[in-house]
Amino acid sequence: MRNKDWTLVFFTVLSQLSVGVIVCVSWLVGFENDSRFLNLLGPQFKNPVLLALVSVGVATVISLLHLGNPKNAPRSLNNLAGSWVSREILALATYSVSLLIIFFLGWKNLGFESLRYLLMMSSVFGGLLLWMMSRIYMIPTIPPWNSWYTWLSFISTAACLGMMTILLLHYSVFVREGCMACYSRFIDDPTSRMLVGALCLVLLVEIFGAFVHQS
């Protein structure tokens, strides 16, 4: 693998991590109505939106290293009609701006209720970003890549990274108590069990999908 190819790897993984975190948080806040995660959106460094914003920010900076001349990056938007790369850049910008808005409102304690809907909207933008990214690699001249498995792998990676990150943040909520007490409460917590179960399910789907694809 060439040195510049590693920048694409880090860009892809960090972007998937960011989207996975936002999708998980929006699900827990919007559908599970878990107020603990809603409270994490306030002014603190455990804020998952801050983590997602930093991840996608670092990913964007790293992606510029892949360009021969980073100054030409704005020109990449000139071909939205026929280039998945141009569409990916637009989706990345839209998703990043949505995170900035959520982060600002949460950090300033402005409208926690509206954050539920903004998180869902940002999740949609994140899903579109993953779709654009996967389409870049679905090249007709490379049949193994030009298949449903490319999209599945992008989604499953984002889901796994997001759920593992949220599990760590969720565990930190219980750490204020003694070690054994916080571990016991974390294991018995319904949200913890749901996240672990969903993570195992996604891993099984990924393994089965890989087996079918290789076959």
Worksheet item: Given the rule in the side-chain contact (heavy atoms from CB on, under 4.5 Å) test, do Ile102 and Met121 qualify, once you have shown the distances and angles that lead to the verdict?
Response: CA-CA 10 Å; Ile102 296 172; Met121 180 183 67; over 6 Å; no
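- Checking Leu118, Val54, Leu100, Ile22 one by one against Val49, the side-chain contact (heavy atoms from CB on, under 4.5 Å) holds for a single residue, Ile22.
- Under a 3.5 Å cut-off, the side chain of Ser63 and the backbone N or O of Thr60 do form a donor-acceptor pair.
- Considering OG of Ser156 and CG of Leu204, their distance stands at 12.0 Å, rounded to 0.5 Å.
- Here the shortest heavy-atom pairing between Gly106 and Leu115 reads CA-CD1, 3.9 Å.
- The two residues Met120 and Ser26 have their closest heavy-atom pair at N-CB, 4.0 Å.
- The number of heavy-atom neighbours closer than 6.0 Å to CZ of Phe103, taken from other residues, nucleotides and ligands shown, is above 12.
- Trp27 has its side chain out of reach of Ile166: every pair of non-hydrogen atoms, C-beta onward, lies at least 4.5 Å apart.
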Worksheet item: Do Val13 and Thr157 pass the side-chain contact (heavy atoms from CB on, under 4.5 Å) test, and can you show the C-alpha distance, the side-chain angles, and the key distance before you say yes or no?
Response: CA-CA 8 Å; Val13 173; Thr157 301; 5.6 Å; no
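- His213 places a side-chain N or O within donor-acceptor distance of the main-chain N or O of Pro144, the cut-off being under 3.5 Å.
- Between the side chains of Ser18 and Ser55, not a single donor N or O lies within less than 3.5 Å of an accepting N or O.
- In this structure, Val196 is a member of the same hydrophobic cluster as Val21, with clusters built from ILVMFWY side-chain heavy atoms closer than 4.5 Å.
- When hydrophobic clusters are built by joining Ile, Leu, Val, Met, Phe, Trp and Tyr residues whose side-chain heavy atoms come closer than 4.5 Å, directly or via intermediates, Trp145 is grouped together with Ile155.
- Nearest heavy atoms, Ser153 versus Thr150: OG-O, 2.7 Å.
- The hydrophobic cluster containing Trp151 does not contain Val212, counting ILVMFWY residues as joined when their side-chain heavy atoms lie under 4.5 angstrom apart, directly or transitively.
- Side-chain contact annotation: Ser15 with Tyr95, donor-acceptor N/O pair under 3.5 Å absent.
- Listed here is the closest heavy atom pair of Leu203 and Cys160: CD2-SG, 3.6 Å.
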Item to complete: Check the pair Tyr149 / Met138 against side-chain contact (heavy atoms from CB on, under 4.5 Å), numbers first and verdict last.
Response: CA-CA 10 Å; Tyr149 181 71; Met138 296 174 70; over 6 Å; no
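- With values rounded to the nearest 0.5 angstrom, Leu99 atom CG is found 11.0 Å from Thr94 atom OG1.
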Practice prompt. Take Leu199 and Leu195 through the test side-chain contact (heavy atoms from CB on, under 4.5 Å) and record every step on the way to the result.
Written response: CA-CA 6 Å; Leu199 178 60; Leu195 287 172; over 6 Å; no
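- Hydrophobic clustering (side-chain heavy atoms under 4.5 Å, transitive across Ile, Leu, Val, Met, Phe, Trp, Tyr) groups Ile142 together with Met133.
- The distance from atom CG of Leu128 to atom CG of Leu92, rounded to the nearest 0.5 Å, is 12.5 Å.
- Annotation for Thr165 and Leu51: closest pair CG2-CD2, 3.2 Å, computed over non-hydrogen atoms.
- For Gln16 against Leu130, the heavy-atom pair with the smallest separation is CG-CD2, 3.9 Å.
- Going from atom NE2 of His170 over to atom CG of Leu167 covers 7.5 Å, rounded to the nearest 0.5 Å.
- Within the model, atoms CE of Met163 and CE of Met194 stand 9.5 Å from one another, a figure rounded to the nearest 0.5 Å.
- Following chains of ILVMFWY side-chain contacts shorter than 4.5 Å, one cannot reach Leu152 starting from Met132, and the two form parts of different hydrophobic clusters.
- Using bins of under 30°, 30° to 60° and over 60° for the plane-to-plane angle, the ring pair Phe154/Tyr137 lands in the tilted bin.
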